[in-house]
Structures are given as C-alpha cells and as structure tokens.
Amino acid sequence: MVLNPYRYLVQGIASAVVNIGKEYGLELNYKDVVRLITEPPSMNLGDLGVSIHRFAKQARVNPIDFGEKVASTLRNNSEVSTAKVVGGYVNVFYKPDHLGRLIINSLKENPNYGSEPVDKPLRIIVEHTSANPIHPLHIGHARNAFLGDTLANLLRNRGHVVQTRFYIDDTGRQVAILALGYKLLGEPEPPENIKPDEWLGRIYALTNLLMELKDIRNKLKAIELKLKTTGGSEEDLEEYRRFVKKQDEIVADLDRLWSLDKELFDKLSKAIMEYDGDFEKELGKIMMSYEKGEEWAKKLVRKVVDIALEGIKITLKNLDIDFNKWDYESDLVWSSLVEKIIGKAKNSPYFIIYKGAEALDTGKLAKNKEVIEKLGIRIRGEIPPLILRRSDGTTLYTTRDIAYTIYKFRDFNADKVINIIGAEQRLPQAQVKLALYAIGYRREAENLITYIYEMVHIPGMKMSSRRYRIVTLDWMLSELYDRAKKEVDSRRKDLPKEDRERISRELSKAAVKFQMASIDPLKPLSFSFEKALSLKENSAPYLMYTYARANSVLSKINSIEWDNIDYSEAEHPTRKKLLWLIGKYPWVASKAADDLSPELLGGFLIELADHFNRWYGEERIIDEKDPGIRNLKLAITYGVRHVIGHGLRLFGINVLPYI
RNA sequence: GGGCCCGUCGCCUAGCCAGGAUAGGGCGCCGGCCUUCUAAGCCGGUGGUCCGGGGUUCAAAUCCCCGCGGGCCCGCCA
C-alpha cells in the first residue's frame with residue numbers, strides 16, 4: 001500500500017535521473033535530485049518536472065541529450081503518459097486514470113491518510129509555553145503555545161514519540177517579587193469573581209510599580225536637595241527631568257491599575273508605602289530561602305505559583321492544549337542537579353571567575369568554528385561569559401536551564417529536545433548550548449533544538465507584564481468569541497442555541513491558533529485586532545467552512561461505490577488538480593514535520609480549499625447522472641474533507657460537521 | 001560600538017535554507033453570481049523597481065559583499 005503517492009512519483013523520477021547519471025559516470029545524491037523535482041508553473045507543462053541543467057553540466061553533456069535519456073526511461077513507467085524535455089527541464093505527464101487510481105486507493109485504504117511514519121521513530125520532547133507563573137498568558141505566549149502544540153502534533157503524526165512539557169520558572173526574581181507583594185497583602189485567598197492568574201498579574205505589576213515609584217521618589221528627593229543646596233550642574237538637571245518623566249509614566253500605569261481594582265490597589269499601596277524594610281534584601285531572602293528549600297519560603301512561593309498555574313491551566317484547557325509533564329524549576333534546584341552542574345563546570349577548562357562570580361567562558365568555546373557549526377550557532381560576534389551563580393549564592397535562570405536540559409534528556413530518554421522560545425533569548429540559549437558542550441554534555445548540546453519565534457507586537461503599544469500592559473489570551477479569545485457568535489447567530493438562525501455557541505467557540509479558537517501557527521515564526525508578527533478578529537483572510541474559519549461544505553455534500557448520499565469509479569474522467573483539469581493535491585498531502589504533512597515548518601501545511605490547506613471551492617462552483621457533485629463520474633466526484637469530495645479535517649487537527653483545530 | 005532576525009502590489013503573506021520555467025494567496029477597492037449539493041463561497045477587474053547598489057552564475061526574490069529601514073539582544077533579569 002502506498003502511504004505517500006506524491007513521494008512515490010517523485011522517487012520514480014529521482015531514480016531515473018540517478019540511473020542516467022550513472023551512465024555518464026556521475027554519482028548523484030538521491031536527496032539532491034529529489035530537491036530539484038518541482039511542479040511546473042502550469043499543469044499544461046506537466047505534472048512534475050526536474051531541472052537537469054546541473055547534472056548535464058556535471059556530466060559535460062548537452063542538457064537536451066541528458067534530458068532526452070531521462071525522459072525516455074520515464075516513458076517506460078506504466079503510470080507515465082509522456083515525458084518531455086523543455087528548456088532544461090524534463091517534464092512528466094502522468095496518465096490521469098493511473099494517477100487517480102493510485103491516489104484514491106491510498107486514500108481509501110488508509111483511515112489515517114496523511115500520516116507517513118518514519119522508519120526509525122525518535123523520542124522527542126517539545127517544551128513550550130513555559131510562561132512565568134506570575135500573570136495570565138498573553139498574546140506573546142499564544143504564538144509560543146500554538147507553535148509548540150502544532151509541532152508536537154506534526155511530529156506525532158510522523159510517528160515520533162513525543163512528550164510535551166511546561167517548565168515552571170518559580171525560582172526567579174519575578175516570582176519572588178510577586179510573592180513579596182502577596183505577603184505584604186497578608187496572603188489572602190484569591191477572590192471568586194476574577195481569574196486567579198489575572199488577579200496575581202495585577203498584584204505583580206502593582207508591587208513592581210510601587211517599588212519602582214518608591215525608589216524613584218527617593219532619588220528625586222536626593223537630587224532636589226542637591227539642586228537646592230548647590231544649584232546643581234546641567235547633568236543633574238537632565239537627570240532630574242528624566243526621573244520626573246519616568247515617575248509620570250509609572251503614575252500613569254498605576255492609575256490604570258487603580259481603575260481596574262481600587263480595593264486591591266489601596267490595600268497594596270498602603271502596605272508597600274508603609275513598609276520600611278529594604279525590598280532588595282527581602283527579595284534576596286525569599287529567593288535564597290526558596291532555593292534552599294526552607295519551609296516558610298516553600299509554603300509562600302508554592303502557594304502563589306500554584307494560584308497562577310490554576311489560571312494558566314484554565315486558559316490552556318479552553319484552547320485544548322495539554323501537557324504531558326509540568327516541571328517545577330525549584331524541584332530541580334532542590335534535587336542538587338543544579339549543584340552537580342556547577343561542580344562539573346568548575347572542573348571544565350572553560351571555568352573562570354568573571355566579575356567576581358563563578359562563570360563559564362562560553363565566548364572562548366565559541367571561537368572554535370567547528371563547535372559553533374556543530375551546535376548550529378549563528379552568532380559571529382563576541383559571546384560574553386555565562387555567569388553561573390550570583391555572589392549571594394543563588395543560581396541564574398541559564399544555569400538552571402542547563403540542568404533542566406540534561407534532566408529532560410535523561411527523564412524521557414530523549415533523542416531530541418525542542419525548546420520553543422522567543423527571539424530575545426537567542427544569545428542566552430546559545431550560551432546554554434555552549435555551556436552543555438563545555439561541561440561534557442555534547443550529545444545533549446547537539447540535539448537541543450532552539451526553535452525561535454519572533455515577537456508579537458501591537459502597533460502603538462509596548463507590551464510589558466511588569467506594568468500590566470498586556471493583551472491577555474483570555475481577553476482575545478472572548479472578544480473573538482463574541483464576534484464569531486454574532487456572525488453565527490445571523491447566519492444560522494435555524495440552529496439551536498447550544499449549537500451556535502459550540503460553533504462560535506470552535507471558530508474563535510481556530511482563528512487564533514491558525515493565525516499564530518501558520519505564518520513563518522521568524523517573521524515579526526504585528527498583531528492587529530482587526531485582522532486577528534476578522535475571521536476572514538487566509539483563515540481557519542474559511543477552511544472549516546470548506547470542510548463543512550464537503551461534509552454537507554457527503555452527508556446527502558448513502559455511500560461511495562469505490563469499485564465503480566470511472567478513472568478515465570480524472571482528466572478534467574479541476575478534478576485532476578484536486579486529486580493531485582489530495583495525493584500530495586502526506587508529503588506536505590511529512591515535510592512540515594521534518595522541517596519543523598507548520599506554515600507549510602497551512603498554506604497547502606488553503607490551496608486545497610481554494611481549488612475545491614472553485615470546483616464546487618464549476619460542477620455539480622451529487623446531481624451527476626453518470627455513476628462512474630459521480631463516484632469519482634464523491635471520492636474527490638471525500639478526499640478533500642479528509643485532508644482538511646486531518647490537516648486542521650494537526651493545528652489542534654476541531655473540525656465541525658456543519659457551521 | 002558589536003551581534004542576530006526581518007524587508008515581496010496600498011496593507012498582510014507564500015516562495016529564500018537546497019538559485020532554474022509566467023513571483024502564488026488573502027485583505028482592500030470596482031463590477032457581476034443565491035428557484036440548484038452551506039454565498040464564511042464563486043467569477044471578472046484593479047494592483048509588484050521582490051528595500052537600494054554592487055558581485056558570483058548560462059540563470060538571482062533566492063547565494064556573497066556594501067548600504068538603508070524596522071525589530072530584538074549584548075544584566076550577578078527571565
């Protein structure tokens with residue numbers, strides 16, 4: 001049984017080229033040949049073509065002679081109708097009936113058509129989202145989460161054994177700030193009427209801002225005094241103005257938070273303004289005690305972290321994203337694995353004391369071109385040393401991440417670990433890889449894949465969770481839901497309320513998922529509300545609509561008579577194109593997994609839907625009188641429905657029988 | 001100052017890694033199509049110096065160099 005019709009055809013051409021190459025004394029690399037096989041710009045030129053300039057040149061023969069030999073070999077294949085040499089290409093035309101039979105057989109015999117498992121499955125970890133447990137998920141996390149989830153789905157579909165993990169960074173400074181604010185507030189239970197992560201996000205931002213405000217006021221006072229007594233210099237005045245401006249910004253942010261929740265604001269600001277201790281000292285104490293695992297700190301920090309996680313988990317559940325494992329960073333620290341790493345680092349030739357702190361000279365290792373190449377690091381400039389531990393003895397996130405990487409490889413016996421991570425972390429992630437290599441974890445360093453995505457930014461808004469300038473995923477989802485609901489209500493007055501609600505929910509989820517996961521992750525994503533909420537464009541609702549349309553046709557017939565298909569009628573151009581695309585689907589799904597490129601699949605699904613919708617306007621399906629043709633048309637419709645459904649599910653999108 | 005990423009019709013985007021045939025979609029705008037399988041659809045029209053300049057090549061949106069523009073990073077933050 002052919003699992004991947006397109007690959008089957010490509011392989012036929014590739015082996016013909018390789019064989020002719022041999023006749024000319026060339027040892028052609030099979031994969032290189034496959035890369036040069038493309039679809040001609042128009043189906044009139046052929047179904048598949050291969051550029052042979054390169055090979056002819058290598059063989060020092062006329063491209064036409066080389067091409068002619070390839071073409072004549074291909075003409076002997078039973079499914080090939082003809083092969084032509086045109087402008088440096090060998091173009092192949094397949095017999096439409098053979099093509100149709102090949103594709104439809106593959107489709108109907110495979111309930112999971114579109115999954116082409118690899119020969120040697122790998123054990124792969126996809127770590128994604130991993131948001132700090134201090135605030136709700138925002139649209140930046142959304143890109144991370146949907147990329148990660150889709151990648152995991154794609155890899156599983158390719159037959160790999162995949163585990164998804166969420167890394168809970170509970171040992172850092174941010175969590176300590178939140179914990180301190182929460183403590184000053186008197187450690188209250190979260191109120192009922194607000195999502196717990198939302199509530200904590202406000203506490204976190206308020207604590208930050210109030211601390212900053214207090215600090216800046218002290219600085220202003222000092223300068224004022226100086227100005228009064230000595231008159232001050234031009235620089236002092238300049239500094240004074242800068243601080244005033246910053247103070248204004250903080251006040252504006254505080255004002256916003258005040259209007260969100262006056263009661264919380266008043267309580268917390270009173271506590272912080274009256275607090276006479278040293279914030280920095282207190283934060284250090286929390287971090288230190290937590291890392292040491294002292295009971296009071298464990299109780300306090302775990303409590304806030306778990307409140308935040310409760311909210312984050314609700315959001316993720318609403319989006320049908322689940323994780324196989326949740327890893328607390330603190331567990332890692334307490335387990336002494338981090339300590340062990342530092343021990344190993346001390347024995348490494350790259351160990352240095354940098355600015356008085358224990359560090360690894362990752363920059364020195366990066367000078368080794370071979371290592372850089374092997375680790376896939378692109379940074380050519382100076383890479384600064386990686387500090388492993390603060391002077392007070394607490395560890396840094398990168399140090400813990402080294403330990404976590406090793407832990408992931410061990411715990412799952414993983415062949416590869418993929419980290420979905422924002423572009424701003426490129427440098428530290430490169431340092432983590434170098435550090436792993438430096439302390440002897442070469443296999444781990446080489447098989448750690450840093451999957452970078454660019455920022456999501458909102459025009460005219462600087463996102464900052466420290467200042468509570470964020471667009472939460474919850475908000476966006478509910479906004480999308482409202483828009484979808486309005487649309488569904490006006491279009492489907494015939495459906496019961498629950499149906500309309502379910503459809504609206506699925507449409508809104510799908511829209512945001514598809515938008516985030518189907519464009520090149522390296523393109524900075526300028527987030528526009530209009531666009532994200534429009535439900536139009538190259539969007540998931542369009543694909544879901546197309547699915548429902550195909551399903552609607554199929555729901556009106558009893559069954560497809562697979563043995564009564566008139567394959568000779570597959571010559572019709574639109575039908576042939578559709579069959580072709582259905583046949584190409586497994587290849588695309590495999591490639592999207594192998595290249596870690598979900599966007600490939602997104603574009604393909606849109607293309608298939610475009611052709612189906614065009615055809616739908618062109619020809620009647622169930623009204624077709626001729627049984628052979630009718631069954632052919634139904635088989636195509638079945639294929640379109642299957643492929644769109646299968647493909648959307650890889651994006652984590654649930655298809656609906658009707659919308 | 002150094003480094004990384006991105007730059008394709010008015011706007012968004014595919015193609016770039018692995019150079020090859022007419023740069024493919026969408027939004028917008030203009031004009032058509034619901035007594036026929038879901039009009040979230042279809043058909044026609046509009047719109048492109050592939051950021052600029054060099055170079056490599058038989059061939060460059062794609063590779064290399066120099067610029068320009070935007071974003072990000074260069075912390076005992078994450």
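Numbers restart at 1 for each chain; the letters A, B, ... are given by sequence-line order, proteins then strands.
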### Query
Does NZ or CZ of A:R549 come closer than 6.0 Å to the centre of the six-membered ring of A:Y616, within 45° of the ring's axis?
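Yes, A:R549 and A:Y616 form such a contact.
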### Query
Rounded to the nearest Å, what distance is computed from the NZ atom of residue A:K523 to the C1' atom of nucleotide B:G7?
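In whole Å, B:G7 C1' lies 8 Å from A:K523 NZ.
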The side chain of [X] is closest to which nucleotide in this list: [options]?
X	options	result
A:L600	B:C37, B:A21, B:G15	B:G15
A:P40	B:A21, B:A14, B:G19	B:A21
A:R620	B:G25, B:U36, B:C5	B:U36
A:P41	B:C37, B:A21, B:C58	B:A21
A:Y616	B:A21, B:A39, B:U13	B:A39
A:R54	B:G3, B:A21, B:G19	B:G19

Is there a Watson-Crick or G-U wobble partner for [N] with both distances under 3.5 Å, and which nucleotide is it?
N	result
B:C9	none
B:U49	none
B:G1	B:C74
B:U22	none
B:C33	B:G41
B:U62	none

Please determine if a side-chain N or O atom of [X] lies less than 4.0 Å away from the OP1 or OP2 oxygen of [N].
X	N	value
A:Y542	B:C42	yes
A:R35	B:G19	no
A:K31	B:A18	no

Could you tell me whether [X] and [Y] make a salt bridge, using a distance below 4.0 angstrom between a side-chain N and a carboxylate O?
X	Y	value
A:E291	A:R400	yes
A:E280	A:R173	yes
A:D494	A:R492	yes
A:R466	A:E212	yes

### Task
Starting at the 5' end of nucleotides 60-76 of chain B, put B wherever the base has a protein heavy atom under 4.0 Å, S where only the sugar-phosphate does, and a dash everywhere else.
------------SSS-B
### Task
Nearest 0.5 Å please: distance from the CD1 atom of A:I342 over to the OG1 atom of A:T395.
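Taking CD1 in A:I342 and OG1 in A:T395, the distance rounds to 6.5 Å.
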#### Entry: Nearest-0.5 Å distance that lies between atom OG1 in A:T362 and atom CG in A:L386
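CG of A:L386 is found 5.5 Å from OG1 of A:T362.
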### Query
At under 4.0 Å between heavy atoms, what does A:G172 touch on the DNA or RNA strands: base, sugar-phosphate, or nothing?
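Sugar-phosphate only.
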### Message
Could you report the tightest heavy-atom contact between A:L581 and A:F604, atom names first, then the distance?
### Response
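Answer, listing the atom of A:L581 first, then A:F604: O-CZ, 3.1 Å.
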### Message
Looking only at side-chain N and O atoms, does A:Y547 offer a donor or acceptor that is under 3.5 Å from a partner on A:N551?
### Response
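No, no side-chain donor-acceptor pair sits under 3.5 Å.
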#### Entry: Polar contact flag, side-chain donor to acceptor under 3.5 angstrom, A:Y290-A:D170
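Note: A:Y290 and A:D170 side chains meet the donor-acceptor criterion.
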### Message
Taking the P atom in each of B:C63 and B:U46, what is the distance between them to the nearest angstrom?
### Response
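Roughly 32 Å separates the two P atoms.
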### Query
Expressed in whole Å, how much space separates the P atoms belonging to B:A23 and B:C42?
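Looking at atom P only, B:A23 and B:C42 are 23 Å apart.
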### Message
Give me syn or anti for B:C34, where syn covers glycosidic angles within 90 degrees of 0.
### Response
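Base orientation relative to the sugar is syn.
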Might you list the N or O atoms of the protein lying below 3.5 Å from N or O atoms in nucleotides 43-48 of chain B, with each pair's distance?
unit_1: B:C43; atom_1: OP1; unit_2: A:R614; atom_2: NE; d: 2.8

